[in-house]
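Working notes, beginning with the structure itself.
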Amino acid sequence: MAARRGHGMKCDALRTGTRCAIIGEMDVRFLGIADLTEVPPVAVVVDVMRAFTVAAWAFAQRAEKVVLAGSLDEVLALKARHPDWVALKDGPPAAGFDAVNSPALLRSVDLAGRTVVQKTTAGTVGALAVKEAPLVLCASFVVAEATARLLRARECDTVTFVVTGEDGQADEDLACAQYIARRAAESGTDPAGFVRRAADSRAAAELAQGVRQGVHPDDVALCLEVDRFHFAMVANVEGPLMTLRPHALPPPAAEPSV
Ligand SMILES: O=C(O)[C@H](CS(=O)(=O)O)OP(=O)(O)O
Ligand SMILES: [Mg+2]
């Protein structure tokens, strides 16, 4: 069924456990992917470990764009049509793929002008679930402030944060989403408590303990860096593909006060 547009449903009518809040002047929801029953006006899709930390590193390594793919077969089909594209998946390395979903492994790769095609378990799925939304940002701690500033600059007053991991329960994603929401309202918000929750999350433990595959020992630390990059990441439907691109923001001093 096609998702309806807007925040038409009252928070208390949503599934038990739905988290809603008014933060500053912003009406925010924190929803898991399965909870998305409407097309939100603004969606911030959060995947700290590791999809949108990896996408940010791809841009830092000068990738032109990241195509968010719906399946591994789609990645391979795109790679067959565009042999110069970089096929990336989570989990262990696999035939036909060029890279895994690890920021630390990607940071030594020069991606100048390249297109990365990314498919992961949670992050890319979450972004595709809101592809009809007028504004879709993909976020993690490394782009937190830039994401918050873009929400402020666009005067977004109704925002759905998609908490992609663990059916909406992943605390690294929820903590980051809550931090960005608070940061959009109050620029002085201290990230320490939010980052601590992410450091204590199940995902961090599984990455550190080798439960998850395609992992470098520095991955967790890189996922916990706040504001490493000064761009937000905006996803748009371009032809048949959902495509993520960096969105540079002017330095904070140049931003008009609201
Ligand atoms: O690569 C990741 O960290 C996860 C996949 S898994 O949970 O490790 O299997 O994917 P993501 O979509 O980035 O959360
Ligand atoms: Mg994740």
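Any value given below was found using the heavy atoms of this structure, including those in side chains, with hydrogens, waters and symmetry copies removed. Fair warning: this is a prediction, and the values are worked out from it, not measured in the lab. Counting starts at 1 for both ligands and their atoms, following the listed order.
The minimum distance between the Mg ion (ligand 2) and any N, O or S atom of Asp47 involves atom OD1.
Minimum heavy-atom separation, Val237 to Lys131: CG2-O, 3.7 Å. Residues Pro191 and Val226 approach most closely at CB-CG2, 4.1 Å, considering heavy atoms.
Residue contacts with ligand 1 for Asp47 involve side-chain atoms from C-beta outward but no N, CA, C or O (heavy atoms, distance under 4.0 Å). Contacts between Gln213 and ligand 1 below 4.0 angstrom, taking non-hydrogen atoms only, are absent altogether. Contact annotation for Arg212 and ligand 1: only side-chain heavy atoms (C-beta onward) come within less than 4.0 Å of the ligand.
In the hydrophobic clustering (ILVMFWY side chains linked at under 4.5 Å, chained through shared members), Leu241 is joined by Val67, Leu72, Val75, Leu76, Leu78, Trp85, Phe97, Val117.
Geometrically, ligand 1 and Ala51 share a nitrogen or oxygen pair separated by less than 3.5 Å. Backbone and side-chain nitrogen or oxygen atoms of Asp90 are examined, and one is located within less than 3.5 angstrom of a nitrogen or oxygen of ligand 1. No N or O atom of Leu207 sits closer than 3.5 Å to an N or O atom of ligand 1.
Asp98 places a side-chain N or O within 3.5 Å of a backbone atom of Ala87 that can act as its donor or acceptor partner.
The shortest contact between atom 9 (O) of ligand 1 and any protein heavy atom is with Thr121 OG1, 3.9 Å. Of all protein heavy atoms, the one lying nearest to atom 3 (O) of ligand 1 is Arg50 NE, 2.9 Å.
In Arg202, the CZ atom is not crowded: 12 or fewer heavy atoms of neighbouring residues, nucleotides or ligands sit closer than 6.0 Å.
Each of Phe141, Trp57, Phe59 was evaluated against Phe229; a single residue qualifies, Trp57, per the ring-ring contact (aromatic ring centres under 6.0 Å, His included) test. Among Thr164, Leu244, Leu68, Asp90, the one residue that satisfies the side chain to side chain contact (heavy atoms under 4.5 Å, CB included) test with Thr124 is Leu68.
Among the atoms of Met49, an N, O or S atom falls under 2.8 Å from the Mg ion (ligand 2).
When Val54, Thr53, Thr120 are checked for heavy-atom proximity to atom 12 (O) of ligand 1, Thr120 turns out nearest.
Salt bridge absent: Glu25 and Arg152 never bring a charged side-chain N and a carboxylate O closer than 4.0 Å.
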